[in-house]
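A short write-up of the structure that comes next.
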2 protein chains.
Amino acid sequence: MVKSRSRDSNFDCVTCIMRHRSDWSVLGRDEVALLAGGQSSYSYSAGESVYSMGEAGVGVYCVCSGTVAIRRLDAEGNSVLLQLAYPGDTLGYEAVLTGEPHRCNAEALGPANVCHITTKTVKALLDNNPNLGLQFLRRTAASLDDAQDKLVHHATLSNRAKLAHLLLILMDRYGRHTADGTSTLHLPVSRRDLASMIGARHETVSRIIGRFETDGIAYFSGRSVRIPQVNALVEEIRPQLVG
Amino acid sequence: MVKSRSRDSNFDCVTCIMRHRSDWSVLGRDEVALLAGGQSSYSYSAGESVYSMGEAGVGVYCVCSGTVAIRRLDAEGNSVLLQLAYPGDTLGYEAVLTGEPHRCNAEALGPANVCHITTKTVKALLDNNPNLGLQFLRRTAASLDDAQDKLVHHATLSNRAKLAHLLLILMDRYGRHTADGTSTLHLPVSRRDLASMIGARHETVSRIIGRFETDGIAYFSGRSVRIPQVNALVEEIRPQLVG
DNA sequence: GGGGCGCATTGACCAACGTCAAATTTTGTT
DNA sequence: AACAAAATTTGACGTTGGTCAATGCGCCCC
């Protein structure tokens, strides 16, 4: 609910390194200038909201640094963490395209820089360069694919398997491998969020963590996780192998 | 697995009524002619496959009549019904856009007419008219929104509530209201598919149906459902109302 | 430094749901 | 129409995971 981001002029699309890994990489030199002209950069600290469910879209947002959590709440106030957005990811274009209010909250998980690009600028760029729209389309299709994979997992895996799977995904971005085969991981989210990501209660996650520790699969201390054998997590995902 | 669709020349994009309710409605007269030139219409009967997971995309598909089920299978062969596609819906463009193989199966649930538009034609149209890409983007964003809603439901609702919710959604398309407030519904899918749509086992769905009948909420006979009070289904969705 | 608040852990309990198996109905095919 | 195959229903049983509640921990703000 906090919204006290502060303006930050240190980020600029023209020189932004992340731009080359983002949807905006399809833009030409002139278009990047147009982008830079319609953009403002903001600094967020942990917990600050980028946009909220129900608000009208006033533009799109591009993550320059940090991690942004995309959440949706149901009628009873249960929060589900749907996606983590990383540098280079563009957020909030659904609201701009459809004119509907935002369907999700976007919240910085830690210190983050996020650029805001006005609706007017986005529409001008989409008119100017059709490849930008196709790029958004590819990105959205990938998100849809990801969401559908999650649906399949929710339908077929146990909570234990889903947590193991989630840890493997987080390993890709937050994990470090050491020489002896041990891996460590710094979780970007709370246990409650972990629970909402796999569709379980936070008490259940606590218990699964306890069982992971007694089974020697992963050891948790706060947000630090030590995983002796990454393969052991992979094994957890198969529901039950016959024989 | 069956794939014995038959060519059918009775459908033609130029005269197709569904086109005006589809993504292709953004096309101009010349573009519709181009579309019609790169298109072939096929008749499918129940169970026939439009495309399958793992196949390379050879174009996009537009549903003219009937219902097409979009399914995904996991490693163990569990099938999850992700989406029902109706006349006017366009399928399979992810594979065309990304060059990746199809991630889902598409299968006619009953007699259906589906048009196939070649990759070449689609790419020409996308080049020609940027609005087509934006239209695809809007559609994909809507699908993503839908999938995310399902994720929230999977995380927060009981199977009973999810089945009630699914029946309400199916009512919108397959339901009929009679004068006395009773509604009837002809299910387009089997109990197994119903189960996979809500992430439950088919035995569980059978039991929930039994409880709906003893509770006087809905009466099932084959694929016919009679619902005395639609509102009773709505009540089922709230997890537990305090007081 | 001292509340106060939210997060996390743990225990006890039990309802919901999955698994296995068998019986029954429906559907499709020859 | 008869048969085979698939879908559905039902029962019995065990496990998972949700609920409620109490306690401890960590962090932020005064």
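The chains referred to below are lettered A, B, ... by the order of the sequence lines, with proteins before strands, and numbering in each begins at 1.
- Out of C/dA8, D/dT9, D/dG17, the shortest distance to the side chain of A/N159 is found at D/dG17.
- No hydrogens or angles considered: nothing links the side chains of A/Y44 and A/S49 as a donor-acceptor pair under 3.5 Å.
- The side chain of A/H202 approaches C/dT9 more closely than any other nucleotide in the set C/dC7, C/dT9, D/dT10.
- Closest to the B/E203 side chain, of the nucleotides D/dG18, D/dA7, C/dC20, is C/dC20.
- Atom-to-atom, NZ of A/K162 to C1' of D/dG18 comes out at 13 Å; the value is rounded to the nearest Å.
- With rounding to whole Å, B/L194 atom CG is found 15 Å from D/dT9 atom C1'.
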Item checked: Residues A/S206, A/E203; criterion side-chain hydrogen bond (donor to acceptor under 3.5 Å, both in side chains); working and verdict -> CA-CA 5 Å; A/S206 256; A/E203 298 98 322; over 6 Å; no

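- Between A/T204 and D/dG18, a side-chain N or O to OP1/OP2 separation shorter than 4.0 Å is present.
- The shortest distance between the side-chain N/O atoms of A/R207 and the OP1/OP2 oxygens of D/dG17 is not below 4.0 Å.
- At most 12 heavy atoms of other shown residues, nucleotides or ligands fall within 6.0 angstrom of atom CZ in A/R21.
- Candidate nucleotides D/dA12, D/dA7, D/dG17 were compared by shortest atom distance to the side chain of A/R211, and D/dG17 ranks first.
- Judged by distance alone, the side chain of B/K150 and the main-chain N or O of B/L82 form a donor-acceptor pair under 3.5 Å.
- With respect to A/E94 and A/R103, no salt bridge is recorded, no charged nitrogen being found less than 4.0 Å from a carboxylate O.
- The interatomic distance linking B/I198 (CD1) with C/dC17 (C1') rounds to 11 Å, in whole Å.
- Put simply, CZ on A/F220 is 13 Å from P on C/dT10, counting in whole angstrom units.
- In this structure, B/I208 atom CD1 and D/dT9 atom C1' are separated by 14 Å, rounded to whole Å.
- Atom pair A/L163:CG and D/dT16:P shows a separation of 15 Å (rounding to whole Å applied).
- With C/dT19, C/dC17, C/dT10 as the choices, the nucleotide that has an atom nearest any side-chain atom of B/S158 turns out to be C/dC17.
- D/dT9 atom P lies 16 Å from atom OH of B/Y219, rounded to whole Å.
- Here the side chain of A/S221 pairs no donor or acceptor atom with the backbone of A/S224 at under 3.5 angstrom.
- Taking the six-membered ring for Trp and the full ring otherwise, B/H186 and B/Y174 have centroids separated by 6.0 Å or more.
- From one end of the helix from C/dG1-D/dC30 to C/dT30-D/dA1 to the other, with five pairs defining each end axis, the axis direction shifts by 60° (rounded to 10°).
- The distance between atom CZ of B/R223 and atom C1' of D/dA6, rounded to the nearest whole Å, is 12 Å.
- If you find the closest nucleotide of DNA chain C to A/A155 and to A/I209, the one lying nearer the 5' end belongs to A/I209.
- Side chain of A/R192, nearest nucleotide from C/dA8, D/dG18, D/dA7: C/dA8.
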